[in-house]
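Nothing here was measured: the structure is a model prediction, and the numbers come from that model. Every chain is numbered from 1, with letters handed out A, B, ... down the list of sequences.
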Number of protein chains: 2
Amino acid sequence: MITKNCVLTNQEIEDLLVKNGVPATLQRIAICKYVVCEANHPTAEQVFDWAKNNLQKISQATVYNTLGTLTEVGLIRAFRFPHSDKVVYDCNTQDHFHFFDEKTGQLVDVDSSSVKLNIDLPQNYKVHGFDLVFKGEIKN
Amino acid sequence: MITKNCVLTNQEIEDLLVKNGVPATLQRIAICKYVVCEANHPTAEQVFDWAKNNLQKISQATVYNTLGTLTEVGLIRAFRFPHSDKVVYDCNTQDHFHFFDEKTGQLVDVDSSSVKLNIDLPQNYKVHGFDLVFKGEIKN
DNA sequence: TTAAAGTTTAGAGTTATTCTAACTATAGAA
DNA sequence: TTCTATAGTTAGAATAACTCTAAACTTTAA
């Protein structure tokens, strides 16, 4: 399992890609490393901005393609939240929830173990899962 | 309080609008009546389609403006869900959750009383509310 | 070394929504 | 009743976030 914002070498990222059936290219290694090791719930736009500054040349399509590919093979996850129309990418691939700080716009992962849910739904409602987003403020 | 998919006369809709500080126009009365009394979690597109068929003339901008106005004054609510990039409008203005049928795409309201949530978050996380969407299937 | 296959790219296209500027309706003043 | 100010509606342009396309590279594998 990949730990959030871990430090991985390019070689380790490359292995990770190949192990998941994704041929490792320069662009994929860079983007994967950024999303897995550096960024925090970035949007495609943020990844593109980063990539423009950190690769000699990159196109928007490659960023979207790569994020799509990484999501497909399960190396990252894509989320869409109520407060925004942009998809954000998350290196945390385990089941978890989110806390949205309404003041700062910051998104924080919430471990699923910190939430207990008691549901009383009709028998014929078969629940496969649920999305849960807390809204509030993180005081310091 | 407005009951979901209630039957209201045009006059009652008009009163509702005026009481909420929204001058009643033909377009607003029609759209409001449709979203409050007839539709079930419609998108702006669905409201526009309905309006095109039920008003002599209507523009997309009016549909968006009106849905925005109705949302602002609290007569309806706007939701954005993980499974779609379209905003849906809900005549249920009370706190509640949703069940998304992955087979049919249907959205169903879930009363907040049918969910008990136990949260164990750090002290400094002040929760103002949360969005909860069940994913699954409604068998019949 | 040479195809075949896969990857990246620029730029065009799409979708949902918002903006703009002109036109229209309405309510109160004269 | 007529005028005028204000607000509402409209068509069409603009925007934002993606997605597609077709050409140009790059590998990979024989």
Side-chain angles (χ1 to χ4, degrees), chain A residues 13-14 17-18 20-35 39 41-73 75-89 105, chain B residues 10 13-14 17-18 20-35 41-73 75-89 105:
Chain A
I13 292 284
E14 197 173 327
L17 288 168
V18 172
N20 282 276
V22 180
T25 63
L26 241 141
Q27 294 88 332
R28 283 176 181 160
I29 293 167
I31 290 172
C32 184
K33 191 175 182 184
Y34 176 64
V35 177
H41 299 100
T43 61
E45 192 191 8
Q46 287 170 328
V47 175
F48 185 36
D49 285 345
W50 174 88
K52 277 186 293 193
N53 291 326
N54 292 274
L55 299 173
Q56 50 288 65
K57 198 188 183 210
I58 188 87
S59 80
Q60 203 182 30
T62 299
V63 170
Y64 278 102
N65 288 342
T66 302
L67 290 172
T69 303
L70 297 180
T71 303
E72 264 172 45
V73 302
L75 276 171
I76 61 177
R77 289 184 63 181
F79 285 99
R80 199 190 291 276
F81 293 109
H83 63 269
S84 161
D85 59 346
K86 298 183 188 181
V87 170
V88 310
Y89 296 89
Chain B
N10 278 11
I13 292 285
E14 198 173 326
L17 288 168
V18 172
N20 282 275
V22 180
T25 63
L26 242 140
Q27 293 88 334
R28 283 176 180 159
I29 293 168
I31 291 173
C32 185
K33 192 175 181 183
Y34 176 63
V35 177
H41 298 101
T43 60
E45 192 191 9
Q46 288 169 328
V47 175
F48 185 37
D49 286 345
W50 174 88
K52 276 186 291 193
N53 291 326
N54 290 273
L55 299 173
Q56 48 289 64
K57 197 189 184 210
I58 187 88
S59 80
Q60 207 182 26
T62 298
V63 170
Y64 276 100
N65 288 342
T66 301
L67 290 171
T69 303
L70 297 179
T71 302
E72 265 173 42
V73 303
L75 276 171
I76 62 178
R77 289 184 63 179
F79 285 99
R80 199 190 293 277
F81 292 109
H83 63 269
S84 162
D85 59 346
K86 298 184 189 180
V87 170
V88 311
Y89 296 89

Between CZ of B:Phe48 and P of C:dT15 the distance, given in whole Å, is 15 Å
query = Base, sugar-phosphate, or nothing: which does B:Thr62 touch, judged by heavy atoms less than 4.0 Å apart?
reply = base
The contact string for nucleotides 12-30 of chain D, one letter per nucleotide 5' to 3', using protein heavy atoms under 4.0 Å with B, S and - for base, sugar-phosphate only and none, comes out as -----SBBB----------
Atom CG of A:Leu26 and atom C1' of C:dG6 are separated, to the nearest Å, by 16 Å
B:Lys52 atom NZ is separated from D:dT9 atom C1', nearest whole Å, by 16 Å
Closest to the side chain of B:Lys57, out of D:dG8, C:dT8, D:dA11, is D:dA11
Of the listed D:dT10, C:dT9, D:dA7, the closest approach to the B:Pro23 side chain comes from D:dA7
Rounded to whole Å, CD of B:Gln56 lies from C1' of D:dT9 at a distance of 12 Å
Separation of C:dT18 atom P from B:Leu67 atom CG, nearest Å, is 10 Å
All heavy atoms of B:Leu17 vs all of B:Cys32, minimum pair found to be CD2-SG, 4.2 Å
Rounded to the nearest 0.5 angstrom, the CD1-NE2 distance for A:Ile76 and A:His41 is 11.5 Å
Rounded to whole Å, CG of B:Asp49 lies from P of C:dA16 at a distance of 11 Å
Here the distance between atom P of C:dG6 and atom CD of A:Gln27, to the nearest Å, is 17 Å
Of all heavy-atom pairs linking B:Tyr89 and B:Ala44, the shortest is CE1-N, 4.1 Å
Next on the checklist: Checking the side chain of B:Arg28 only, and the main-chain atoms of B:Thr66 only, is there a donor and an acceptor separated by less than 3.5 Å?
Outcome noted: no
- [ ] Check step by step if side-chain contact (heavy atoms from CB on, under 4.5 Å) holds for A:Ile31 and A:Leu67.
- [x] CA-CA 8 Å; A:Ile31 290 172; A:Leu67 290 172; 4.1 Å; yes
Between CD1 of A:Ile58 and P of C:dT7 the distance, given in whole Å, is 14 Å
Separation between CD (B:Gln27) and CG (B:Leu55), nearest 0.5 Å, reads 7.0 Å
One should read off an interatomic distance between A:Asp49 CG and A:Gln60 CD, to the nearest 0.5 angstrom, of 10.0 Å
